[in-house]
Trainee: 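Encoded as C-alpha cells, here's the structure I'll be asking about.
FYI, side chains are in, hydrogens and waters are out, and symmetry mates aren't considered; it's all heavy atoms of this structure. Chain letters run A, B, ... following the sequence lines, proteins first and then strands; every chain starts at 1.
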Amino acid sequence: MHYKQVMLFITGKAVKLATLLIAVSILSFFLISYSPIDPVQLYIGADMTRVSPEQRENIAEYWGLHESKPQQFINWGKAVLHGDFGTSLLYRSPVADVIAERFLASLALMVVAWLLSGVVGFLLGIIAGMRQGTWADHVIKGFCFTLASTPAFWLALLFLMTFSVWLGWFPVGLGTPAGVLAEDVTWVERLRHLVLPALTLSIAGVANVALHTREKLIEVLASEYIRFAKAKGEHGFVLVWRHGLRNISIPAVSLHFASFGELFGGAVLAEQVFSYPGLGQAIVQAGLGGDVPLLLGIVLFSAVFVFVGNVMADLLYQLIDPRMRRSGVQ
Amino acid sequence: MSMQRIDAYATPTKSNRSERQRAWTRIILALLLLAGIVVWALLINADNLKVNLEGRNTAPSLAHLFGTDWLGRDMFARTLKGLTLSLAVGMLAALSSTGIALFFSLLSSWNKWLDDMVTWVTDLFLSIPHIVTLILLSVAVGGGFKGVVVGLALTHWPRFTRLLRAEVLQVKEAEYVGVSRQLGRSRLWIARHHFLPHLFPHLLVGFLLLLPHAILHEAAITFLGFGFSTDTPAIGVILSESMSYLSTGLWWLAFFPGLALVIMVSIFELLGRSIRRLAETSSG
Amino acid sequence: MNLISSTRNTPLLEVKNFSLTFHSDRKDRQEPLTQVIRQFDITIREGEIMAVVGASGSGKSLLADAILGILPENATCKGMLHYKGEPLTEKRRKHLCGDQIMLIPQSLNALDPLMKTGKQVQTVMKGKGKKDGQRAVFRKVGLPDHVSNQYPFELSGGMARRVLIATAMVSNAHFIIADEATPGIDPHALGEMVTFIKHLAMEGKGVMFITHDIETALQVADKVAVFYAGETVEIANVEDFSGTGETLRHPYTKALWNSLPQNGFVPLEGHQPLADEKGKGCAFQPRCQRATDICLQKQPESRIVKAGMVRCFHA
C-alpha cells in the first residue's frame with residue numbers, strides 16, 4: 001500500500017468512527033435520560049430514610065439534573081471529550097478507570113476464546129467441507145446447528161455443574177477468592193478462574209466459524225480452478241492446502257474479526273455465570289443498578305470494540321488479498 | 001458459478017422432488033412438536049405451579065419428570081410454562097422486527113437519500129453488541145416485561161433489513177416494475193402489487209429464522225435480571241434462580257429447563273431452514 | 001519424444017462403447033439413473049487433433065472429466081477407456097494426469113485467484129530448473145517475464161489463456177484435452193488458441209478439442225466427432241465438410257453444417273432430448289426427416305462408412 005492510500009484509509013475510518021460514536025452517544029443518552037428510573041433514588045439506595053429532601057435536591061443539583069436534556073447531553077459530551085466519563089455510582093471511582101480495569105480482565109477471556117474458537121471452528125469447517133455428505137460432515141453440522149440453538153449461559157451452567165461442583169476441578173464463582181485482596185491473587189489462581197468462562201465462550205463461537213468455513217470450502221472445491229488443479233493431478237491434502245486454504249482463510253479470519261459483537265455478548269453471559277470480574281459483569285451491574293455514567297461508558301466502549309474488529313476484518317483483506325492489495329484501497 | 005458447467009444435461013444429484021418431500025416431512029414434524037408443547041403447557045394443572053413445601057428439592061422421578069425446586073414446585077410444569085412464555089414473547093418480537101424490516105426495506109426503495117439513511121441506521125444498530133442494545137433499551141423503558149418485549153421487538157431487524165433491502169432493490173430493477181412505472185402506477189401500487197408478493201416468502205422465512213434468535217435473547221436478558229420478575233416461570237428466571245442451588249447439587253434445576261429450551265429453539269431452526277429450502281427449490 | 005515404433009500404431013486414446021451414468025447419492029433409494037453419455041466411441045492417435053463437437057448441454061465437458069478421472073462421486077463409467085493400449089485405471093491416472101495427460105481449460109476461472117501465475121504453471125513441472133523452464137515457455141507463448149509474478153486478476157483474458165496453454169506446454173504431456181465448453185470467446189483469441197493447439201499437435205501430441213462450435217472445430221481439427229445427446233453420431237474427416245454436406249454421413253451433422261450462415265442458414269427444428277426424455281430408438285429420430293419405423297424401434301449400431309464412423313440406419 002502506498003503512503004497516500006494508508007492515510008486515506010486511516011482518515012476514512014477515523015471519520016466513520018467519530019460519526020458512529022456521536023450517533024451512539026446521542027441515541028443512548030436520550031434513551032437513558034427518558035428512563036423512568038430515578039438515578040437519585042438509586043444512588044441513595046438503602047439510605048433513603050436518612051436522606052432529607054434537601055439533600056436529594058443537592059445531589060440532583062450537583063448532577064445537573066434540573067437542566068434541560070440537551071444541555072445535560074452537552075455537558076456530558078464536553079466532559080467525555082476531555083476524557084471524563086464521570087464517576088461510577090456503584091464503584092465510586094472514575095468510569096474510565098473501571099472500564100480499563102474490567103476490560104483487561106475481559107480481554108484475557110475474549111482473546112483466549114477468540115483464538116480457540118477460531119482455530120477449532122476453522123478445522124471443523126475444513127473437515128466437514130472436505131468430507132461433504134459423509135457422517136463426519138453430518139456430525140459436525142449437527143453439532144454446530146445444535147450449538148447455535150444453545151444459550152451460552154446454559155452451556156456455562158453445565159460446565160459449572162460438571163467441572164466445578166461435580167468434579168471439583170475449578171472454583172465455583174468469584175474471580176478473586178473470598179478474603180484475599182485482589183493484588184494478592186496469584187497468576188495460577190487467575191488462570192484457574194479463566195478456564196471455564198473461556199471454554200464456554202470458545203465453544204459458543206465455534207459454530208459460526210465452522211459453518212462459514214464449510215460453506216466456503218465447498219464453494220471453492222466446486223470451482224473451476226480446483227477442477228483444473230485436479231486435472232493436473234493434484235489431490236487430497238496437497239490440493240486443499242495449495243488452493244483451498246488460501247482461498248478460504250481470508251474470508252474466515254475476516255468473518256471472525258467481524259464477530260466481536262457476538263464475542264462481547266457471549267462474554268457478558270459467561271462472566272455473569274462464573275462471576276468473572278470483567279466488563280460484561282460491569283455492564284449488567286450498571287444496568288440493574290442504574291449506574292448511568294458507567295452504562296453509557298461501556299456502551300460507547302463496546303461500540304469502539306466492535307468497530308476495531310470490523311476494521312481489522314477490512315484491513316486483513318487490504319493487506320493479504322492480492323486483489324485488494326495490488327489494486328489499491330477502496 | 002461453478003454450477004454452470006454441470007448444465008441442464010447433467011441433472012442435479014438429488015432430485016428436487018425427494019428434496020421437497022423431505023423438507024415437508026420435517027416441517028410437519030416440527031409443527032406437530034411445537035403444537036404438542038403449547039397444548040401440553042395449556043393443559044398443565046395450576047396446582048403443579050403452587051408452592052408445596054413438603055415435596056421440596058426432589059430429584060427427577062415419574063411424578064415430577066424434571067424434579068421439584070426449593071419451594072416444591074414441579075419443574076416440568078414450570079419449564080413448559082416458561083417455554084410458552086418464551087414462544088409468545090419471541091413471536092411478538094419476531095413479528096414486530098419483521099414489520100420494521102419490511103418498512104425500512106420499502107423505504108429504501110423510495111429514493112437514494114432514504115436508502116442511505118436506512119443503511120446508516122442499520123449499520124448503527126449493528127455497531128453495538130446486541131446484548132448491550134438490549135440492556136440499554138431495557139433500562140430506558142424501565143425494565144420488567146415491557147423492557148424485554150420492547151427491547152427484543154426493536155433490535156432484531158437490522159440483518160433482516162439488509163436482506164430485504166437487497167431483494168427490493170433487485171425487484172425494483174426488474175422490467176415489469178419499469179413497465180408499471182411507465183403506466184403511471186403509484187409507488188404504493190407498485191409496492192403492493194410487485195414488492196410484497198415477491199417479498200412474502202422472504203418475510204415468512206425471515207420471521208421463522210428470527211424466532212429462535214428472539215427466544216434465545218429473551219432467555220439471556222431475563223437470565224441477566226433485566227426481564228421478567230422472579231415470580232414468572234420464564235426459562236431465564238428459572239436458570240438464574242438455579243444458580244444459587246447448583247453448589248448444593250440440585251443439577252436438575254438447570255439441566256432440564258435449559259435442555260427443553262435448546263430443543264424448542266432447535267425445532268424452530270429446523271422449521272425455518274426447511275421452509276427456506278422449500279422456497280428455494282420451488283423458485284429455482 | 002517417444003519414437004518406439006510399437007507405440008506408433010497403438011492409439012493414444014481409445015474409447016469404445018463408453019457410458020457415463022449419474023445416480024442419486026442415496027444408495028438406499030431407487031431413484032432413476034441418469035445416463036449422460038452412452039455408446040461413445042473415439043480413437044485419437046499421436047499428432048492427431050480430434051474435435052468433439054456438440055451443442056452446449058450435450059454432456060461433452062463431462063467427457064473430459066471422465067478421462068481425467070475428476071467426475072463427481074455419484075457418477076459411474078462403463079465401457080473401454082484405454083490410454084496407450086492399457087486401461088486407464090485410477091492408479092494409472094494418479095501419475096498420468098498432469099504429467100502425460102493435460103487439460104487446457106477455457107474458463108479463465110481455472111486459475112487460482114490467490115496464486116501467482118508462474119507458480120501455478122510450475123506445479124505441473126518436476127525436478128530442478130522449474131523457474132527457468134516456466135519462463136522459457138512463457139516467452140514462447142508471448143508472455144513477458146513479469147507476468148510470472150502477477151496474480152490472475154492482473155491479467156487480460158488473452159494473457160490468462162496463454163498461461164493456461166503454457167501449463168500444457170511445460171508438462172511433457174502426450175495427450176491434451178482442450179475444453180472449449182463455454183461460448184463467447186472472441187475470434188482473435190480463438191485464432192491464437194488454434195495456432196497453439198496446432199503447434200502442440202505438430203510436436204506429436206494427441207489433442208482432443210472439445211467445442212460447441214463446428215467452425216472452430218473445422219479450423220483446428222483433422223477429424224470431427226459429432227456429439228448428440230450424449231452419443232457420438234458421427235466421426236468425419238475435415239474434408240467431408242464441403243458443399244451441401246453430401247459427403248457427411250449423419251443427418252444431424254448435415255443439419256449442423258447447413259445451419260452455418262455461409263451454407264444456407266437452415267435452422268434445425270426441435271431441441272436436443274434431455275437425459276430422461278430419450279426413448280429406446282435413435283436419439284435423433286424425433287428431429288430427423290429421414291426417420292422410419294426402425295429408427296423408433298432400435299438404436300443404430302456404429303458402422304464404418306466412407307472411412308468414417310456413423311450411427312445411423314440410413315447412412
Side-chain angles (χ1 to χ4, degrees), chain A residues 19-20 23-24 27-28 30-37 145-146 148-155 157-158 160-162 164-166 172-173 219 221-224 226-227 260-266 268-269 272-273 280 283-284 286-288 290 292 295-296 298-299 302-303 305-307 310, chain B residues 1-6 13 120-121 123-143 212-213 215-217 219-220 223-226 235-236 239-240 242-243 246-251 253-255 257-259 261-270 273:
Chain A
T19 45
L20 172 73
V24 170
L27 194 73
S28 38
F30 285 100
L31 275 176
I32 295 294
S33 69
Y34 285 102
S35 163
I37 296 168
F145 279 131
T146 312
S149 307
T150 307
F153 60 93
W154 183 62
L155 209 62
L157 286 175
L158 288 189
L160 196 67
M161 284 193 295
T162 320
S164 297
V165 178
W166 187 36
V172 181
E219 189 189 310
L221 285 181
S223 70
E224 278 295 321
I226 290 289
R227 175 185 181 238
F260 273 19
E262 281 93 77
L263 184 68
F264 192 92
V268 171
L269 291 161
Q272 186 71 5
V273 174
I283 192 177
V284 173
L288 291 175
V292 174
L295 184 59
L296 288 178
I298 299 180
V299 169
S302 71
F305 183 68
V306 172
F307 184 81
N310 288 335
Chain B
M1 305 298 119
S2 54
M3 292 307 286
Q4 291 172 334
R5 232 169 34 73
I6 312 258
T13 53
W120 190 80
V121 173
D123 286 348
L124 179 67
F125 265 78
L126 286 174
S127 69
I128 316 172
H130 198 148
I131 209 129
V132 173
T133 323
L134 285 173
I135 291 175
L136 199 62
L137 279 168
S138 167
V139 171
V141 177
H213 276 266
I215 292 173
L216 284 178
H217 279 130
F223 176 78
L224 291 176
F226 289 93
I235 301 288
L239 290 179
S240 162
S242 80
M243 279 186 55
L246 287 187
S247 51
T248 51
L250 307 186
W251 55 272
L253 293 182
F255 183 73
L259 187 66
L261 183 69
V262 172
I263 292 173
M264 187 172 80
V265 172
S266 301
I267 295 174
F268 273 115
E269 244 348 296
L270 190 75
R273 286 208 310 271

Trainee: Restricting to non-hydrogen atoms, name the atom on A:Trp154 and the atom on B:Gly258 that form the minimum distance, rounded to 0.1 Å.
Mentor: NE1-CA, 3.2 Å
Trainee: By a 4.5 Å heavy-atom criterion (distance strictly below it), what part of B:Ile263 contacts chain A: side chain, backbone, both, or neither?
Mentor: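 When you check distances to chain A, no heavy atom of B:Ile263 falls under 4.5 Å.
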Trainee: Atom CD1 of B:Ile128 and atom CZ of A:Phe305: how far apart are they, to the nearest 0.5 Å?
Mentor: 14.5 Å
Trainee: Within a reach of under 6.0 Å around NE2 of B:His217, are more than 12 heavy atoms found that belong to other residues, nucleotides or ligands?
Mentor: yes
Trainee: Between chain A and each of B:Ser242, B:Gly236, B:Ala219, B:Pro212, count heavy-atom pairs under 4.5 Å; write down the option with the most.
Mentor: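 Among B:Ser242, B:Gly236, B:Ala219, B:Pro212, the one with the most close pairs to chain A is B:Ala219.
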Trainee: For A:Phe145, give me all partners under side chain to side chain contact (heavy atoms under 4.5 Å, CB included), at least two apart in sequence or on another chain.
Mentor: A:Lys141, A:Leu211, B:Arg273
Trainee: Let me know if B:Ser240 has heavy atoms under 4.5 Å from chain A in its side chain, its backbone, both or neither.
Mentor: neither
Trainee: So which part of A:Leu158 gets closer than 4.5 Å to some heavy atom of chain B, the side chain, the backbone, both or neither?
Mentor: side chain
Trainee: Closest approach of B:Leu216 and A:Ser149, non-hydrogen atoms and distance?
Mentor: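 Minimum heavy-atom contact is CD2-O, 3.7 Å.
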Trainee: Under the criterion side chain to side chain contact (heavy atoms under 4.5 Å, CB included), which of B:Val141, B:Thr133, B:Leu137 is the partner of A:Leu31?
Mentor: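 For A:Leu31, the side chain to side chain contact (heavy atoms under 4.5 Å, CB included) test succeeds with only one of B:Val141, B:Thr133, B:Leu137, which is B:Leu137.
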Trainee: Restricting to side chain to side chain contact (heavy atoms under 4.5 Å, CB included), what partner residues turn up for B:Ser127, sequence neighbours left out?
Mentor: A:Leu20, A:Val24, B:Leu124
Trainee: Would you name the heavy atoms of A:Gly265 and B:Ile131 that are closest together and state the gap between them?
Mentor: CA-CG2, 3.7 Å
Trainee: Chain A heavy atoms under 4.5 Å from B:Ile135: which part of the residue, side chain, backbone, both or neither?
Mentor: side chain
Trainee: With a 4.5 angstrom heavy-atom cut-off, could you sort out which part of B:Phe226 is near chain A: side chain, backbone, both or neither?
Mentor: both
Trainee: On the 0 to 90° scale, with breaks at 30° and 60°, tag the A:Phe153-B:Phe223 ring pair as parallel, tilted or perpendicular.
Mentor: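 Rings of A:Phe153 and B:Phe223: parallel, under 30°.
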Trainee: Among A:Ile283, A:Leu27, A:Val299, which one satisfies side chain to side chain contact (heavy atoms under 4.5 Å, CB included) with B:Leu136?
Mentor: A:Val299
Trainee: Run the numbers on A:Leu295 and B:Val139 for side-chain contact (heavy atoms from CB on, under 4.5 Å), then give the verdict.
Mentor: CA-CA 10 Å; A:Leu295 184 59; B:Val139 171; 4.1 Å; yes
Trainee: Give the minimum heavy-atom separation between A:Leu157 and B:Met243, together with the two atoms involved.
Mentor: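 Scanning both residues, the minimum pair turns out to be CD2-CG, 3.4 Å.
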